[in-house]
Number of protein chains: 2
Amino acid sequence: MAGGDKPYHHGNLRETLLETAFRLVDSDGVDAISMRALAREAGVSSAAPFRHFADKQVLLDAVAEEAAAELERKLDEATAECSDALTQFRAMTVAYVRFAAEHPALFDLIHSTESVSRRFLGEVKDERRLKLIALIYEGQNAGLIPEADPELIALTSEALTHGLARMIVDRHPRVRNLSSEDARKLALAATHLLQTGIGLS
Amino acid sequence: MAGGDKPYHHGNLRETLLETAFRLVDSDGVDAISMRALAREAGVSSAAPFRHFADKQVLLDAVAEEAAAELERKLDEATAECSDALTQFRAMTVAYVRFAAEHPALFDLIHSTESVSRRFLGEVKDERRLKLIALIYEGQNAGLIPEADPELIALTSEALTHGLARMIVDRHPRVRNLSSEDARKLALAATHLLQTGIGLS
DNA sequence: ATCAAGTGTTAGCACTGCTAACATCGGGAT
DNA sequence: ATCCCGATGTTAGCAGTGCTAACACTTGAT
């Protein structure tokens, strides 16, 4: 058999496109991808991708979803080995900032993709927020945390984490060119400071 | 004279393009602008804009610069009527978040434009950070603020502010569909919480 | 008056997202 | 076994994009 003759049907174009797009976004940013280029890369005609993704945005949504899942996995890994809730929270913050530092384009895509942002941040992260709020209640009952609205305290923590991550992604001068190890230290220091301030420790 | 005959030269194409682009980004987002559309809008041929802006990115840089200046103006206005440094800091935070809530696309553009981000955040905001750090030193000398690295404390405050703004721009579920009045309250509450925690008040 | 610089024009290239019409394959009902 | 139909591929082409080259007009300094 002359092995070179590829079959009429690709086999699993959808996943191939998704993986290629994921890699490309991660390395070169979201603007670097084009349907036609993806098609070429997969050795397929320029119209083929549209059999699997209604339009470019749908493809990007799918990539964002994948990226969100990856982030989620990293967060799970990070918290898995922590015993108490407080250390879990710290580990999560560090992992979040670290992901942003290591995959800025993916991080950006996740948050700029309306549908995914809604689903991921809405559903998945809600249980984490509930955990956090539970922890805050706990702390308040023990008299360790001031009697401010727990939702507000949770939101403040999230804002700090997201802000740190964003400053890195946006290449804010103060935080530019940080190794992910530096990012880790910074996240740890900032959250520690916040927690010390708020009274978590 | 038959008034309709427009002259060969537009007169001030550059500024017209800039203004139109600014308005369009603000209302419809950065993806809504195209050189050709801007040219049409200005009643000029599609190649004309390139006499004034080497490429699209340069045009966007200029818009971002304008937006950054606008933000700066808002921050100045906000702090102008405040006496003590602490109230100034709070007002600045509120104004920053408010700008993000009211002009998400411009806010986004500012931070995604490498050159402007470097200049604006690097130069202009540096003096504000110095002010903030001075305030923190003051607080530490008076024993009101724990002896953590002032730079770190300043960075933490900035991260919180930027994070809040970003959560709004990114339409994070928790802060979605916020009126700018709500944004004001939220920013105030969060910074107050942070300051209370850190010991600024 | 002339000439160079500045600013506009047209035409066109290479690329993009996307669609329509047609081709091919594979698997389930007959 | 055959038919056929849906899934998935193809080619051709439209409208739009950023950008460039070659040319035209205007204006101000010499």
Side-chain angles (χ1 to χ4, degrees), chain A residues 1-25 27-64 105 109 112-116, chain B residues 1-25 27-64 105 109 112-116:
Chain A
M1 52 181 176
D5 55 345
K6 48 183 182 180
Y8 186 86
H9 287 104
H10 177 284
N12 57 345
L13 221 205
R14 193 193 153 88
E15 275 146 44
T16 300
L17 291 171
L18 221 46
E19 284 167 19
T20 309
F22 186 95
R23 244 182 307 119
L24 203 54
V25 169
S27 63
D28 293 12
V30 67
D31 289 337
I33 81 157
S34 88
M35 292 292 140
R36 294 176 108 109
L38 287 176
R40 277 192 299 268
E41 185 75 14
V44 104
S45 79
S46 7
F50 294 94
R51 294 289 170 198
H52 300 274
F53 302 96
D55 59 34
K56 188 180 184 178
Q57 189 54 55
V58 171
L59 188 256
L60 290 179
D61 285 4
V63 172
L109 181 61
S112 66
T113 305
E114 188 73 10
S115 66
V116 170
Chain B
M1 53 181 173
D5 53 347
K6 49 182 181 180
Y8 187 86
H9 287 105
H10 177 285
N12 55 347
L13 222 205
R14 192 194 155 88
E15 274 147 44
T16 301
L17 291 171
L18 221 45
E19 283 167 22
T20 309
F22 186 95
R23 245 183 305 119
L24 203 55
V25 169
S27 63
D28 294 12
V30 67
D31 289 337
I33 81 156
S34 87
M35 292 292 138
R36 295 175 106 108
L38 287 176
R40 276 192 298 269
E41 186 74 16
V44 105
S45 79
S46 6
F50 294 94
R51 293 289 171 200
H52 300 274
F53 301 97
D55 60 34
K56 188 180 185 178
Q57 189 55 54
V58 171
L59 189 255
L60 290 179
D61 285 5
V63 172
L109 181 61
S112 66
T113 305
E114 188 72 10
S115 65
V116 170

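Naming convention: chains lettered A, B, ... in sequence-line order (proteins, then strands); numbering from 1 in each chain.
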Checklist outcome for this item: Within residues 14-22 of chain B, those residues having any heavy atom closer than 4.0 Å to DNA chain C are none

Next on the checklist: Going by side-chain contact (heavy atoms from CB on, under 4.5 Å), name the residues that satisfy it together with B/Ala48, two or more places apart in sequence or in a different chain.
Outcome noted: B/Leu13, B/Val44, B/Ser45

Next on the checklist: So A/Ser45, base contact, sugar-phosphate only, or nothing? Heavy-atom distance under 4.0 Å.
Outcome noted: base

Item to check | Side chain of B/Ser34 (C-beta onward), nearest among D/dG9, C/dG17, D/dG18 | outcome: D/dG18

Next on the checklist: Using a 4.0 Å cut-off on heavy atoms, which residues in residues 46-55 of chain B reach DNA chain D? List them by number, or say none.
Outcome noted: B/Ala47, B/Phe50, B/Arg51, B/Asp55

Checklist entry - Rounded to whole angstrom units, what separation is found between the CE atom of A/Met35 and the C1' atom of C/dA14? => result 19 Å

Item to check | A/Arg36, nearest nucleotide to its side chain (from C/dC18, D/dG18, C/dG8) | outcome: C/dC18

Checklist outcome for this item: From NZ of A/Lys56 across to P of C/dT16 the rounded distance in Å is 9 Å

Checklist entry - Under the side-chain contact (heavy atoms from CB on, under 4.5 Å) test, which residues partner A/Ala105, sequence neighbours left out? => result A/Val25

Next on the checklist: Between C1' on D/dT10 and CZ on A/Arg40, what's the gap in Å once rounded to a whole number?
Outcome noted: 16 Å

Checklist outcome for this item: Between CG of B/Asp31 and C1' of D/dG18 the distance, given in whole Å, is 15 Å

Checklist entry - Of all heavy-atom pairs between A/Leu18 and A/Ala62, which one has the smallest distance, and what is that distance? => result CD1-CB, 3.6 Å

Checklist outcome for this item: side-chain contact (heavy atoms from CB on, under 4.5 Å) filter on B/Arg14, not counting sequence neighbours, yields B/His52, B/Phe53

Next on the checklist: If I take atom CG in residue B/Leu38 and atom C1' in nucleotide D/dG18, what distance separates them, rounded to the nearest angstrom?
Outcome noted: 12 Å

Checklist entry - Which pair of non-hydrogen atoms, one from B/Ala42 and one from B/Thr16, has the smallest distance, and what is that distance? => result CB-CG2, 4.2 Å

Taking distance alone, no hydrogens or angles, what donor-acceptor pairs closer than 3.5 Å link side-chain atoms of residues 31-40 of chain B to residues at least two apart or in another chain?
from, atom 1, to, atom 2, distance (Å)
B/Ser34, OG, B/Ala37, N, 3.0

Next on the checklist: Run the side-chain contact (heavy atoms from CB on, under 4.5 Å) test against A/Gln57 and tell me which residues pass, sequence neighbours left out.
Outcome noted: A/Asp55, A/Leu60, A/Asp61, A/Thr113

Next on the checklist: Distance check needed: D/dG16 P versus B/Ile33 CD1, whole Å only.
Outcome noted: 18 Å

